[in-house]
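Below you'll find the structure, written out as structure tokens, and then a few comments.
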2 protein chains.
Amino acid sequence: MNEVLQILKKNSLSVTEGRKKILELFIASEGALAHADIEKQTSNNFDRVTVYRTLQTFVEKGIIHQIPTTDNSVLYALCRHNCEQGHHHDNHVHFICSNCDKTICLDDVTVPQVKLPEGFTPLQSAMVVTGICLDCA
Amino acid sequence: MNEVLQILKKNSLSVTEGRKKILELFIASEGALAHADIEKQTSNNFDRVTVYRTLQTFVEKGIIHQIPTTDNSVLYALCRHNCEQGHHHDNHVHFICSNCDKTICLDDVTVPQVKLPEGFTPLQSAMVVTGICLDCA
DNA sequence: CTATTTTTGCAATACTGTTGCAAGTATTTG
DNA sequence: CAAATACTTGCAACAGTATTGCAAAAATAG
Ligand SMILES: [Mn+2]
Ligand SMILES: [Mn+2]
Ligand SMILES: [Zn+2]
Ligand SMILES: [Zn+2]
């Protein structure tokens with residue numbers, strides 16, 4: 001059975017053209033996608049608003065996760081660690097290539113623990129590494 | 001001599017009301033500031049555009065640094081490690097309190113090294129930890 | 001197939017960020 | 001110190017990004 005359908009069903013989401021298409025994009029994509037990327041690759045098919053709402057739904061359901069950036073954009077990528085509704089555990093490192101600008105999930109590289117000052121309680125950690133990626137080496 | 005003047009002089013920046021005021025805000029502030037915070041705290045004094053340009057200049061000069069977030073906003077905080085023109089070395093961990101929402105530079109906590117897969121060359125690393133801060137503990 | 005629930009597109013609106021340019025301010029020079 | 005120069009600011013216009021309400025359309029449940 002189709003992977004896309006499986007994911008939507010598992011999360012009890014209605015199966016619609018928009019959701020199928022956007023999920024396909026994520027599955028096909030090597031790196032992370034920004035809202036703008038998705039708009040571009042689906043232009044004229046769906047309204048901007050639908051894209052916003054779909055991304056939001058997917059994040060809530062634990063289908064995709066957000067990647068922090070320093071430039072007023074948010075990137076999204078597929079969760080591969082069985083995340084669930086309101087309970088992500090994508091604690092892997094993200095890599096941004098400064099040459100080709102791709103953002104890649106290093107699913108096998110875990111964010112290391114870090115010793116915080118007295119009084120700070122950590123709940124979640126994110127790590128973003130910039131540099132030169134495999135393809136651009 | 002005034003800290004604010006000193007910083008501006010050291011970076012060969014003209015001393016203007018806007019720059020003085022914004023720099024004061026950063027020095028006075030416990031946590032990091034977003035563009036919107038600054039606008040609020042200086043409203044009617046300076047044009048939005050001036051705030052954008054000032055922040056940009058300060059980042060370039062190594063007076064403030066950017067902190068990545070996951071919500072389409074960029075935060076800024078004072079550099080305390082003698083950063084220079086085009087050459088930041090703020091490799092410390094940032095902490096976001098999920099209770100009071102403050103973002104704090106943990107200047108003494110260095111971002112740990114991490115072993116990347118074959119072929120990836122790291123240049124810079126950022127780490128953001130969310131949790132409960134000292135004040136909210 | 002029909003009833004119900006959910007999703008979508010549109011329109012309106014607000015927020016965010018960028019640029020060129022003329023006027024204003026700060027700094028340098030004599 | 002005043003004039004000349006260099007730099008910064010505000011304004012206006014514009015482009016891009018995000019949010020909401022609501023009616024129409026589509027999907028699911030019965
Ligand atoms: Mn990821
Ligand atoms: Mn910092
Ligand atoms: Zn690359
Ligand atoms: Zn707090």
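In what follows, every chain begins at residue 1, and chains take the letters A, B, ... in the order their sequences are listed. All values reported here derive from a predicted model rather than from experimental measurement. Side-chain atoms are counted along with the backbone in the values below, which use heavy atoms only and exclude waters and symmetry mates.
- Between B:Cys133 and B:Asn99 there is no side-chain heavy-atom pair separated by less than 4.5 Å.
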| message | Using the rule given for side-chain contact (heavy atoms from CB on, under 4.5 Å), can you reason through B:Leu23 versus B:Leu78, listing the C-alpha separation, both sets of side-chain angles and the distance that settles it, and then say yes or no? | response | CA-CA 9 Å; B:Leu23 200 38; B:Leu78 266 194; 4.1 Å; yes
| B:Leu8/B:Phe58 under side-chain contact (heavy atoms from CB on, under 4.5 Å): CA gap, chis, key distance, verdict | CA-CA 9 Å; B:Leu8 293 176; B:Phe58 283 3; 4.1 Å; yes
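- Scanning atom types as modelled, no donor and acceptor separated by under 3.5 angstrom connect the side chain of B:Arg53 and the base of C:dG17.
- End-to-end axis angle of the helix from C:dC1-D:dG30 to C:dG30-D:dC1, using five pairs per end and rounding to 10°, comes to 40°.
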Every protein N/O lying under 3.5 Å from an N/O of nucleotides 14-19 of chain D:
unit_1 : atom_1 : unit_2  : atom_2 : d
D:dA18 : OP1    : B:Asn72 : OD1    : 3.1
D:dA18 : OP1    : B:Asn72 : ND2    : 2.7
D:dA18 : OP2    : A:Tyr52 : OH     : 2.7
D:dA18 : O5'    : A:Tyr52 : OH     : 3.3
D:dA18 : N7     : A:Arg48 : NH2    : 3.4

| message | Would B:Ser98 and A:Gln124 count as a side-chain contact (heavy atoms from CB on, under 4.5 Å) here? Give the steps. | response | CA-CA 10 Å; B:Ser98 41; A:Gln124 250 219 325; over 6 Å; no
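- Annotation: side chain of A:Lys10 is not in contact with side chain of A:Lys61 (no heavy-atom distance under 4.5 Å).
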| field | Intermediate values then yes/no, side-chain contact (heavy atoms from CB on, under 4.5 Å), A:Leu134 and A:Phe95 | value | CA-CA 11 Å; A:Leu134 195 58; A:Phe95 190 90; over 6 Å; no
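- Rounding to whole angstrom units, CG of residue B:Asn11 and P of C:dA26 are separated by 19 Å.
- Below 30°, between 30° and 60°, or above 60°: for A:His92 and A:His65 the angle between ring planes is above 60°, a perpendicular geometry.
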| task | Let me have a per-nucleotide readout for nucleotides 23-30 of chain D, 5' to 3', with B, S or -, counting only protein heavy atoms under 4.0 Å. | result | ----SS--
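- Annotation: side chain of A:Asn2 is not in contact with side chain of A:Lys20 (no heavy-atom distance under 4.5 Å).
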